[in-house]
Amino acid sequence: MNRRDFLKGLVGTSYVVLSGSSVLAPLNALAASGADASDGWLTTGSHFGAFKMKRKNGVISEVKPFDTDMYPTDMINGIKGLVYNPSRVRYPMVRLDFLLKGHQSDTTQRGDFRFVRVTWDKALRLFKDSLDEIQTKYGPSGLHAGQTGWRATGQLHSSTSHMQRAVGMHGNFVKKVGDYSTGAGQTILPYILGSTEVYAQGTSWSLILEHSKTIILWSNDPYKNLQVGWNAETHESYAYLAQLKEKVAKGEIRVISIDPVVTKTQQYLGCEQLYINPQTDVALMLGIAHEMVEKNLHDTKFIEGYSLGFDKFLPYIKGQTDGVEKTPEWAAKITGVSAEIIRDLAKVMTKDRTQMLMGWCIQRQQHGEQPYWMAAVLATMIGQIGLPGGGISYGHHYSSIGVPSSGAAAPGAFPRNLDEGQKPIFDSNDFKGASNTIPVARWIDAILEPGKTIDSNGTKVTYPDIKMMVFSGNNPWNHHQDRNRMKKAFHKLECIVSIDMNWTATCRFSDIVLPACTTFERNDIDIYGAYANRGLLAMQKMVEPLYESLSDFEIFTRFAALLGKEKEYTRGMTERDWLVKLYNDCKAANAGQFEMPEFDEFWKAGYVYFGEGKPWVRHAAFRDDPEINPLGTPSGLIEIYSRKIAHYEYDDCPGHPTWMEKAERSHGGPGSDKHPIWMQSCHPDKRLHSQMCESEEFRETYTVNGREPVYLNPEDAKKRGIKSGDVVRVFNDRGQLLAGAVVSDKFPQGVIRIQEGAWYGPVGEDGSKEGGAKIGAICSYGDPNTLTMDIGTSKLAQACSAYTCLVDYEKYQGKVPAVSSFSGPVEIAL
Amino acid sequence: MIKDAVNTETVEVNPVDQVRSTIYQLLSSLFAKEIDHKTLHDLTSDQAKQFWAQLGSEAEFKADVDVLVAELAKLNTDKALLELAADYCGLFLVGTKYSASPYASLYLSDKPAKKGDEPLLFGEQHQQMTQFLKQSQLQVQSEFPEPADHIAVILAYVAHLCTHSDETEQLSFINANLANWLGNFVTKVTEVDTGNFYQALVRLTHAWVKSDAEWLESELN
Amino acid sequence: MRWLLNIWRTLTKPAKYLTLGSVSVSAFLMGIIFWGGFNTALEATNTEEFCISCHSMESKPYQELQQTVHFSNHSGVRATCPDCHVPHDYGRKIARKLEASHDVYGWLFNTVNTPEKFEAKRLEMASREWKRFDRDKSAACKNCHQYESMDWDSMSKLAVKQMKRAAELDQSCVDCHKGIAHKLPEMGTARAPELIAEVGRGVSGVQVGQTYFTALTKPLFFNEKTDVEAGTLNIATKVKVLEVKGTRAKIGITGWRKKIGAGRVIYYDFGLNILSAQLSKDAALEEGVIKTFEEKEDPMTGLKWQRVEADIWTDTDYLLTDLQPLWDYARSTYSTACSVCHTQPAEAHFDANTWPGMFQGMIAFVNMDQDTQALVQKYLQEHSSTFDKSAH
């Protein structure tokens, strides 16, 4: 048959398809003429910085830093890759087996990626029906919608606020307290220094630069961590770090970085490093304290006037309570720091004005309360708390803390809670004897062991029987510990809902997945400069929401409409009304203090500048008059010994700072005979936690062999026959992962680093995706939380202990599976 | 006399081009969305059976047409339809390593020279296709919120060209925007498809486009 | 005077000024031309008579100045208007003069030509001046008063402490010394306006023998007349009125104090760090102010506490008969402001003595004035697990 005849033969039969409509439509007049009218530079911002974006042909084409951002992070180069990512959640989707069987679905299939697209209407109905079922069957203790995380910036569309308000209009649920970053610190420090400290504004950098003679960076890498902030960063801290670098070079300030590894900050400043065995900081501090007492270097007057309980702590230092004197020699054995150096440190820290700057890593380990407490004790013994350039800070590596605040009022946000007088549909508060609030990192425990009662911060918490979870802008399959344990727990959940913009591992392990648009597809408002509160930023919409994604406001307004509560939800206001309201409320709060133009003028300009703040000294008021300005501790004074904590009678958090052995510790500690390597899973250099990992081209700037880098000590690597670029299998009894080797002398023997936030990409050992859903799967990309331990820091904070983790590693011999965490350009095995 | 799927005005076209257009249109709609009850009904009607039979009479299409017809016949329960929808979703919607996202930009080997110049999606290919559509007074339907280099858009545009442009133009468009990446697409879909339907569909599409291009070439000579 | 350091609020200037403003600028420039050359004009406009001649101040601010140490003192040095209100460096001087041309507009259009109008605008005008002082760290004051040349030995210990700290920071003088040359503006609802709008400015005609609750943090005084402060009375504190004289009431504050320092701080109850009042050292030591009762040791700190009652004076404004409106306002503020970043913990999640630490450690991004902060903290403490045993 020739082609023409063949085609003619088809003529009569081909009506069949014509009932379908085409994906094409006539060009509408508006699009034809005005498609590019909105092109040009617009202002917006993110955790990575405030910046400007150029829209060309309706698409984001260029990104450049905000005018006042003198130290922009290269992470803004990854922004386009977030928006135009092949891993975008494009449509509402439901896991197939959940769609078929609802709450009786086979939950072990979660993670195998078998989803079906549904309409928004259907998806939201399923969401609501599931909530109905949970509330009816179990009451509020069956639902945990309280896990919230870093979200994207913007005060109007803050994803967790929207989710909790909307779900809260349906019914009550289990909530969390604390967070994964500073769980131990923010719990212990109110007892000791009377504030969480970790999130409090600190002494201004200018005063530190002027007055400090010695700066101790204790497990602290500000140069790395200041790249990202809770609000739109403008990176002002870096100007001070640059000055510090100069002063270090001139010998005007001595900076000592106490850390097992050579940090980015240390390399930048060119300062000293003091190596310490991982997890042994408390022992070092005790050795220093012993020396201070021995040589009478401590400030007894300050201790007497401003603190409580030194007399109860002294016997412990002297070994009178436990028979072990905490001498520098004793500390040297544990810490790997020589007694001589410990003695010298005691001298150095008490000689001149000394500022201690603590990082957060050392409180993310078992007994993480102790190093923070003991550091406060050291600072008290030095006696410079409340003086410019002296004392202790737990936040100078975070969100521009140390840059003086402008003092302007920040804008409010779309409400997270129900308005006064509003009631949820399921208004029961019967948690069936369980607690309505649990420590943030203990939710997997709760799912696995409902009904169990634990100690927590002076009270008892009884785990609720959680059957459903709702996540919005939150990726616990990054930040929680021990993936295989999580899988076990998730098998017990009836329904999981995730709202996100890209396919995180959390979405993958969910039943209902809803597409939220990115920050750059909606209008919003935020402060810029983080703690400096330098001004107000217009976050101007770059492009319309891609695919069928919607703004958080729109998603939950539709959800509220299903509940018959749309008006209650929005208060009858549109997105634009809210934006103007948030602005005007802020303007009113700043009236007479900070001039703000009318909204339209602000929106056109893209920002309002609040001006510089005044230098300020943390705890100066307390030092000035401790009676009138007491700390928020039970006594109002620094509590070296806490009767309150002692009275809890916790074996893992006694009444004064104490050295306690860890469940796992390298360099001769428990478990090191089996798995000799300590794994450091610190905050990433090129991401904000897991945000930005999916941005393909930017990721390629740091991956090794397409995988997350694992930093290895040269000798350890050589022993295992590994060189840079190799694919390495890192493992322990809890799990296994593949990562790309970077051999570097910045890392000591017995230590590796894999930065957290690496997207979990489980595959079967045979490389199959079905195997990825199974317990024991190997992570193909290198998520360190595949290996970490899921235990609380202590009965006090019950915070996460990711830093107590031993592993071993080897050169990977098997067939290397493709990385399954992302999509990205397709690799075709031809 | 056949109504153009896009333009409402009635146009006189030669029946062969009309058939070609219709086949492109059919392929486009099968890539555009999951098969629902209505489409299934259409595709399994008596008339459709004749159509499939005629299409399958050509040797290069036969194997895949047979698979499609057989797979369609199995779709007699809701569950079977949903399983196929899950295949579709896993291949074209979720964008994982185990999918075959249906965008030309992901399969063209000549990526932008300088990295970071153009976004992965909504990039150069999308812009190019948007321009093509604009020239033909067309745009992507608002109900189909996808980049313009989605395979369904490209196929639908060829369907349009079949009845609105000369053969030279048709051929050059097909060669420059479809035939040059379909092979890679077929490989990827075949590699990751958990069912049979969509790999048969991409193979059939590939074969059809190839033979159509050959035919256009022969017509021109 | 801590309460003075609160954020002052003024009405924002209406934007309509612009065109009229430029009228007054040109009026000012014309004035200069009439006076002759530019430099001479500046000098001439920098005398007190010049200011008073137009600045409609004969009646008010100038008279107030005359009552202060800046006008009349044993050394015979007098501060004149421009000493404080015109910057001494040339560039800023010009800028300030142009700014002052606003006042020409005010004079032309009778903005403040009556005492009432003046009082109504006083806060706005004062705020503008304070802000200017803030910007240059009170450079005008420092022309005469320099930190470096202060004689620490001749100052009281308290003053030395404050001044040294201020000196370390090169702090702006008016941070603490507001109201030193002119009367302080009527703060009124300028403090915590939303709160006051909600709970009102207090009862009129307080009754002896009745108990009331403070709607703001209030100053305490030694007697019914003096302006010398004897301390501060915290917001939402229960007081009993013992005596009323004019706009002052003698009140009784009952509570407990820690036996540390001078025992100046009175708390709500034994062992609870819920602030009721802070007395100045003088007040704490003054005969008849504090009556003391039994002592107890707090097992959680080992500190001795003592039950006390303080009888002292305060103004009769901002006293409420009912505490509930304050709590209602605090609850809704807490729920809104503290959920911006995260879910706010339930009130009863922490005990009364843990709340100050948690609250103070989290307020960096919270939009609350100091009165509201004090109120919310107190609300949380009084609704904490110490009082509400239903949690957990």
Side-chain angles (χ1 to χ4, degrees), chain A residues 146 148 155 158 160-161 164 175-177 179 186 189-191 194-201 230 308 388 405 409-413 415-417 420 435-437 458-461 531 586 589 591-593 595 598 614-615 617 620 624-628 630-636 643-644 647, chain C residues 7-12 15 123-124 127 131 161-162 165 168-169 171-172 190 258 260-265 271 273 278 298-303 328 331-332 335-337 339-346 349 351 353-367 369 385 391-392:
Chain A
T148 54
Q155 298 292 80
S158 188
T160 55
S161 295
Q164 292 193 329
K175 291 178 178 161
K176 61 113 182 181
V177 67
D179 59 47
Q186 65 173 268
L189 289 174
Y191 290 95
S195 139
T196 65
E197 296 295 313
V198 289
Y199 297 134
Q201 179 59 293
W230 181 251
L308 215 58
S405 304
R416 182 187 298 266
N417 300 304
E420 288 274 312
S435 303
N436 57 18
T437 306
T459 62
K460 298 279 182 194
V461 165
Y531 276 66
C586 181
Q593 280 259 314
E595 295 292 326
E598 293 302 316
K614 278 190 206 166
V617 179
D624 190 36
D625 190 337
E627 198 187 344
I628 293 295
L631 300 178
T633 57
S635 61
R643 285 192 184 217
K644 197 168 172 180
H647 139 99
Chain C
I7 298 165
W8 311 120
R9 291 156 197 274
T10 61
L11 300 162
T12 38
L123 180 58
E124 182 189 330
S127 299
K131 216 171 141 186
K161 215 170 188 180
Q162 307 266 11
R165 205 165 76 72
E168 248 180 23
L169 301 178
Q171 218 176 335
S172 170
K258 292 174 188 168
I260 49 169
R264 289 178 287 161
V265 185
N273 295 328
Q278 296 178 323
D298 169 26
M300 286 300 173
T301 58
L303 296 180
D328 289 344
R331 185 182 57 249
S332 112
S335 156
T336 311
S339 62
V340 166
C341 304
H342 55 78
T343 320
Q344 80 286 6
H349 191 82
D351 66 28
N353 284 1
T354 303
W355 264 122
M358 294 311 297
F359 186 69
Q360 291 303 324
M362 288 284 190
I363 50 172
F365 289 128
V366 171
N367 185 2
D369 56 66
S385 60
H392 299 293

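Below, all heavy atoms of this structure are taken into account, side chains as well, without hydrogens, waters or symmetry copies. Letters go in sequence order (proteins before strands), and every chain restarts at 1.
- Residue contact with chain C, scored on non-hydrogen atoms closer than 4.5 Å, involves the side chain of Gln155(A) exclusively.
- Proximity to chain C is absent for every atom of Pro415(A), based on heavy atoms less than 4.5 angstrom apart.
- One N or O on the side chain of Gln278(C) and one on the backbone of Ile628(A) form a donor-acceptor pair closer than 3.5 Å.
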Check against side-chain contact (heavy atoms from CB on, under 4.5 Å), Gln344(C) and Asn417(A)
CA-CA 9 Å; Gln344(C) 80 286 6; Asn417(A) 300 304; 3.1 Å; yes

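- Between Lys258(C) and Gly636(A), the closest heavy-atom pair is NZ-N, 3.9 Å.
- Chosen from Ser335(C), Ala337(C), Gly271(C), the residue pairing most often with chain A at heavy-atom distances under 4.5 Å is Ser335(C).
- Note: Val340(C) leads Ile260(C), Asp298(C), Val340(C) in heavy-atom pairs under 4.5 Å with chain A.
- The contact between Glu627(A) and chain C is made by backbone and side chain atoms together, counting heavy-atom distances below 4.5 Å.
- Contacts between Thr633(A) and chain C at a heavy-atom distance below 4.5 Å involve the backbone alone (N, CA, C, O).
- The shortest distance between side-chain heavy atoms of Val177(A) and Met358(C) does not fall below 4.5 Å.
- For a residue to count as touching a neighbouring chain, one of its non-hydrogen atoms must lie under 4.5 Å from one of that chain's; by this rule Ser161(A) touches chain C with the side chain only.
- Within the 4.5 angstrom heavy-atom criterion, atoms from both the backbone and the side chain of Ala262(C) approach chain A.
- Residues satisfying the side chain to side chain donor-acceptor pair (under 3.5 Å) test with Thr354(C), not counting sequence neighbours, are Lys644(A), Asp351(C).
- To the nearest 0.5 angstrom, Thr459(A) atom OG1 is 6.0 Å from His349(C) atom NE2.
- Under the 4.5 Å side-chain criterion, counting only non-hydrogen atoms from C-beta, Leu308(A) is in contact with Leu303(C).
- Taking each heavy atom of Glu420(A) and Arg331(C) in turn, the nearest pair found is OE1-NH2, 3.0 Å.
- In terms of non-hydrogen atom pairs under 4.5 Å with chain C, the most contact-rich of Gly194(A), Gly458(A), Ser405(A) is Gly194(A).
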